[in-house]
Undergrad: 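I am attaching a structure below and will ask some questions about it afterwards.
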Protein chains: 2
Amino acid sequence: MKHKGKTNPPGRIKIMKSFSFLMAQKDFHSITTAQIAGNAKVTEGLIYKYFKDKKDLLYQVLNEHFLEFQAKIENQIANEKTCIEQLEVIIFSSLESYADNRIFSKILLLEVRNSLGFFDSGAYKMVRKYSRTILEIIEKGIKNGELKPDIDAFTLRKVILGAIEHACLGEIIFGRELDIDEVSTGIANIVFNGAKA
Amino acid sequence: MKHKGKTNPPGRIKIMKSFSFLMAQKDFHSITTAQIAGNAKVTEGLIYKYFKDKKDLLYQVLNEHFLEFQAKIENQIANEKTCIEQLEVIIFSSLESYADNRIFSKILLLEVRNSLGFFDSGAYKMVRKYSRTILEIIEKGIKNGELKPDIDAFTLRKVILGAIEHACLGEIIFGRELDIDEVSTGIANIVFNGAKA
DNA sequence: CAAAATGGTAAGTAACACTTACTCACAAAG
DNA sequence: CTTTGTGAGTAAGTGTTACTTACCATTTTG
């Protein structure tokens, strides 16, 4: 009998907790179902009651983290008035969330992108929503004259998202500390004021 | 008996070709050693004569592609005089190389980063060299007054590399076409002139 | 209260990455 | 002109891994 997702039994929670714990230590493919089950103190079979496969477990863990991430960001954007301030908050908050939640960023930036299944997952829908929010702020900024009329909104989004993600990589991969204040103001300074003298 | 790497026998070449061919169609983990060997018309065991493991095969294929990539970039930088022009060429050429060579970009941007072994590989040494070149150009630009003195070289590099990589992702993952001219001038425009009105 | 659904287990299985032990060809060295 | 060593390749494994099937016990519900 398959699980229909109406309840959230302890076994399911233990499996997700166990998997998150293991993700903090090694990469997705080095984690075995036996380890997940052993660490959660359930049997391997139970994993497949609640998750379609190992990847689905990854997506669902990511999804949970993403809910927090998005709620936090949207909450903080609401406090800002100008588009530039909103984008600055997005840069800062994203960096902060990634830094606060290593497992989340590791999964999102390193583990899920290589398999096409992710792009059908619920987690990817949240990525798109986050991404759309940024685009809308940029478009509003262009319309109301805060941003230059000749810039392309999609390209600006690429630069902002790319900078954020790239800034996190060193931290995620090598465990380097990141001065969020410094990096986020640095990125914002370049993106808004330009690097040319 | 292990292979010592002094020659380049046909079996080794066939395995790498076969693997590249398969990488164009699916992700790394969906490719099996049986498929690699079958497609190359050799036996599975031979893979392990020339490559430590499946990941090592991935790194060595990446390494070959990277040699081309780096040669091309360095060649094209040499034709430019100002630092800004050099950085513009890096943006354009990187986008072009990624677009021309999907397997290379797929491996580098999506497949290798999640396992720590990559960062000990020869391919990663080339990434660092490419990365260092960019940093040196930026530092020169700051010194000679082309770039603003208050920007941080590392942050500017993050923005440029992040933008390039993010711009390629849609193309690699979804096979979207990318207008390299438009995107590269768009990125350069934002990074150098800023987006603020 | 019978039926269905939920939460969980135990014992598999096919496929996979990787290993071991072997052959064959052939080139120097003695 | 045989011995010895080596590079190229094969054949047949082996342990692990992700995932499946069949089952049990308890709770919910018609």
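Convention: sequence-line order gives letters A, B, ...; per-chain numbering from 1.
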Undergrad: May I have the distance from B:D53 (atom CG) to D:dT16 (atom P), rounded to whole angstrom?
TA: 17 Å

Undergrad: Look at the side chain of A:T43 and decide which nucleotide, out of D:dT10, C:dA10, D:dC19, has an atom nearest to it.
TA: C:dA10

Undergrad: A:K14 or A:E44: which one's nearest nucleotide on DNA chain C is closer to the 5' end?
TA: A:K14

Undergrad: From the options C:dC18, D:dC19, C:dG8, select the nucleotide whose nearest atom is closest to the side chain of A:P10.
TA: C:dG8

Undergrad: Between atom CZ in A:F28 and atom C1' in D:dT17, what is the gap in whole Å?
TA: 12 Å

Undergrad: Tell me which nucleotide among C:dG8, C:dC18, D:dC19 gets nearest to the side chain of A:Y50.
TA: C:dG8

Undergrad: Take the protein atom CG of B:D56 and the nucleotide atom P of C:dC18, then report the distance between them rounded to whole Å.
TA: 10 Å

Undergrad: Quick one: bend of the helix from C:dC1-D:dG30 to C:dG30-D:dC1 from 5 pairs per end, to 10°?
TA: 10°

Undergrad: Round to the nearest Å and state the distance from A:I36 atom CD1 to D:dA18 atom C1'.
TA: 10 Å

Undergrad: Could you state the atom-to-atom distance from CZ of B:F51 to C1' of D:dG9 in whole Å?
TA: 14 Å

Undergrad: How about A:F174 and B:F119: are their ring centroids closer than 6.0 Å?
TA: yes

Undergrad: Where the side chain of A:Y48 is defined as all heavy atoms beyond and including C-beta, which of D:dT20, C:dA10, C:dT19 is the nearest nucleotide?
TA: D:dT20

Undergrad: Looking at A:K72 and A:E96, is there a salt bridge between them, counting it only when a charged N and a carboxylate O are closer than 4.0 Å?
TA: yes

Undergrad: Closer than 4.0 angstrom, basic N to acidic O: yes or no for B:K158 and B:D152?
TA: no

Undergrad: Hey, does B:Y98 have a side-chain heavy atom less than 4.5 Å from the side chain of B:L109?
TA: yes

Undergrad: Look at the side-chain N and O atoms of B:T33 and state whether any lies under 4.0 Å from the OP1 or OP2 oxygen of C:dA17.
TA: yes

Undergrad: What is the nucleic acid contact for A:T32, judged by heavy atoms within less than 4.0 Å: base, sugar-phosphate only, or nothing?
TA: sugar-phosphate

Undergrad: In whole Å, what is the span from the CZ atom of B:R12 to the C1' atom of D:dA8?
TA: 14 Å

Undergrad: Charged N to carboxylate O under 4.0 angstrom, A:E111 versus A:K55?
TA: no

Undergrad: Is there a donor on the side chain of B:K49 or the base of D:dG7 sitting less than 3.5 Å from an acceptor on the other?
TA: no

Undergrad: Answer yes if A:I180 and A:V89 sit in the same cluster of Ile, Leu, Val, Met, Phe, Trp and Tyr residues linked by side chain heavy atoms under 4.5 Å apart, and no otherwise.
TA: no

Undergrad: How do B:G11 and B:H29 order along DNA chain D: which one's closest nucleotide is nearer the 5' end?
TA: B:G11

Undergrad: Please state whether the rings of B:F69 and B:F104 are parallel, tilted or perpendicular, taking 30° and 60° as the class boundaries.
TA: tilted

Undergrad: A:M23 and A:I173: same hydrophobic cluster, using ILVMFWY side-chain contacts below 4.5 Å?
TA: yes

Undergrad: If I take atom NZ in residue A:K41 and atom P in nucleotide C:dT9, what distance separates them, rounded to the nearest angstrom?
TA: 13 Å

Undergrad: Across the strands shown, which category fits A:I31 at heavy-atom distances under 4.0 angstrom: base, sugar-phosphate, nothing?
TA: sugar-phosphate

Undergrad: Measure the distance from CG on B:L46 to P on C:dC22 and round it to the nearest whole Å.
TA: 19 Å

